[in-house]
Amino acid sequence: MIRSGVPEATINHIIRIRDVYSYWLQFPQKKDREIVGELMRRGNIQRSAAYEDLRLIKQLLGDLNKVSKDYARYRFLQMVERAYEVAENSGDARSMVAAADKLGKYMGLAEADEVDKGYDKIPVQIFAVTDNPEVIGLKRLPNARDRIKAMKQKYWNEEIVDVEAEEVDYDIDSIFHPKPINGNGT
C-alpha cells in the first residue's frame, strides 16, 4: 500500500478494521459496545470513530448478532440430527424418539398437506364507471351537469385542447366472466 501511494492514516485505518474484523469472527457473540471498546483500545481512537469503524465492519461482515431465520432453522436441524446421532450411538431409544419427535413437530409432519383452495379460480370483480354519487351513498347535487357546463364556459380558453378518446375493441365477457370449471357449469 505504501508503494501505491496510500496515505499512512488510511493504511492504519484499514489495518485496524481488518484486526477487529478478525477478532469479531473469532468471538461472534460479542455485542456492539464490546466491539467499540475493542476498537478504542486497539486503535487508540475516540468513541465516534470506533462507531464509524463498527459500521464499516458490519457492511463487510454483516451484523453477527442478527441471525437470520433461515440460519436458525439450519442450526436447529443440525442440532436435532446430531442429538439423534448421539442417542443412536449410545443406544438410547428414548432420546432417539424425542429427537425424532422434535424434528417431526418442526417439519409439521403430523399436519395434512395444504390443499389447493382454488384462489386462482375466483372471478375478477367487474367495476362499472359512473358519475352518480348515489351509488356510494352521497346525495346528488341539484343541476350538477349545468354547474359543470357553466364552470367549463367560465374557465375555458384557447390553450386548453379537448382530447378525443379512442375506442378499444375487446370482448368484455371473455375477459371478466370465468369459464366453467366442470362440464356441469360450476
Side-chain angles (χ1 to χ4, degrees), residues 1-127 129 133 136-138 155 159-161 163 168 175-176:
M1 286 191 276
I2 293 172
R3 276 187 263 128
S4 298
V6 177
E8 186 177 345
T10 305
I11 293 171
N12 291 337
H13 191 206
I14 291 170
I15 291 171
R16 182 174 68 237
I17 288 175
R18 282 182 184 169
D19 182 34
V20 175
Y21 179 94
S22 298
Y23 172 77
W24 205 5
L25 281 175
Q26 291 174 355
F27 304 102
Q29 73 281 4
K30 296 280 187 188
K31 303 289 183 212
D32 286 1
R33 63 179 161 68
E34 294 173 300
I35 297 299
V36 167
E38 196 66 27
L39 277 161
M40 290 170 60
R41 187 183 65 74
R42 289 182 184 206
N44 196 23
I45 58 174
Q46 297 296 318
R47 185 173 305 279
S48 59
Y51 273 105
E52 180 59 26
D53 284 358
L54 176 66
R55 186 187 65 77
L56 291 171
I57 292 169
K58 282 184 176 183
Q59 284 180 341
L60 297 169
L61 180 63
D63 190 350
L64 292 179
N65 295 322
K66 289 186 180 178
V67 176
S68 71
K69 256 190 170 176
D70 288 336
Y71 180 73
R73 288 179 180 133
Y74 165 75
R75 288 286 296 140
F76 175 78
L77 290 174
Q78 271 191 329
M79 289 186 282
V80 170
E81 288 173 3
R82 179 76 179 120
Y84 185 87
E85 198 176 291
V86 168
E88 186 177 36
N89 290 341
S90 65
D92 186 0
R94 183 173 290 180
S95 296
M96 289 171 58
V97 169
D101 181 56
K102 292 288 183 199
L103 181 64
K105 283 181 182 175
Y106 174 75
M107 300 298 283
L109 299 177
E111 300 167 10
D113 289 341
E114 191 171 323
V115 178
D116 180 18
K117 293 184 171 71
Y119 291 128
D120 60 332
K121 295 170 183 74
I122 296 174
V124 176
Q125 175 67 44
I126 300 172
F127 294 99
V129 179
I136 60 170
L138 300 175
Y155 293 107
E159 294 177 12
I160 298 174
V161 178
V163 179
V168 178
I175 296 172
F176 292 107

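The minimum heavy-atom distance between Ala99 and Val80, with the atom names listed, is O-CG1, 3.4 Å. Nearest heavy atom pair, residue Tyr106 against residue Arg73, reads OH-CG, 2.6 Å.
To the nearest 0.5 Å, the span separating CD1 on Ile11 from NE2 on His13 amounts to 13.0 Å. Taken from CZ in Arg16 to CD1 in Ile57, the straight-line distance is 9.0 Å, to the nearest 0.5 Å. Atom CD1 of Ile14 sits about 13.5 Å away from atom CG of Asp19, to the nearest 0.5 Å. To the nearest 0.5 angstrom, Asp32 atom CG is 10.5 Å from Leu39 atom CG. Interatomic distance, OH of Tyr51 versus CZ of Arg33, reported as 9.0 Å (0.5 Å rounding). Asp101 CG to Lys105 NZ: the interatomic distance, rounded to the nearest 0.5 Å, is 4.5 Å.
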- Task: Apply the test side chain to side chain contact (heavy atoms under 4.5 Å, CB included) to residues Val20 and Leu54: give CA-CA distance (whole Å), side-chain angles for both, the deciding distance (0.1 Å), then the verdict.
- Result: CA-CA 9 Å; Val20 175; Leu54 176 66; over 6 Å; no
- Message: Run Ile2 and Glu8 through side chain to side chain contact (heavy atoms under 4.5 Å, CB included) and show every step you take.
- Response: CA-CA 8 Å; Ile2 293 172; Glu8 186 177 345; over 6 Å; no
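Considering Glu34, Met40, Arg42 as possible partners of Glu38, the one that fulfils the side chain to side chain contact (heavy atoms under 4.5 Å, CB included) test is Arg42.
In this structure, Asn89 places its CG atom where more than 12 heavy-atom neighbours from other residues, nucleotides or ligands lie under 6.0 Å away. Heavy-atom neighbours of Glu111 CD from other residues, nucleotides or ligands within 6.0 Å: at or below the threshold of 12. By the 6.0 Å contact criterion, CD on Glu52 is enclosed, its count of non-hydrogen atoms from other residues, nucleotides or ligands being greater than 12. Heavy-atom contacts from other residues, nucleotides or ligands closer than 6.0 Å to CE of Met107 number 12 or fewer. Atom CZ of Arg94 sits in a sparse spot, with 12 or fewer heavy atoms from other residues, nucleotides or ligands closer than 6.0 Å.
Side-chain N or O atoms of Ser90 include one that pairs as donor or acceptor with a backbone N or O of Val86 at under 3.5 Å. Distance alone, capped at 3.5 Å, places no donor-acceptor pair between the Ser95 side chain and the Asp92 backbone.
A salt bridge links Glu85 to Arg82: one of the charged nitrogens lies within less than 4.0 Å of a carboxylate oxygen.
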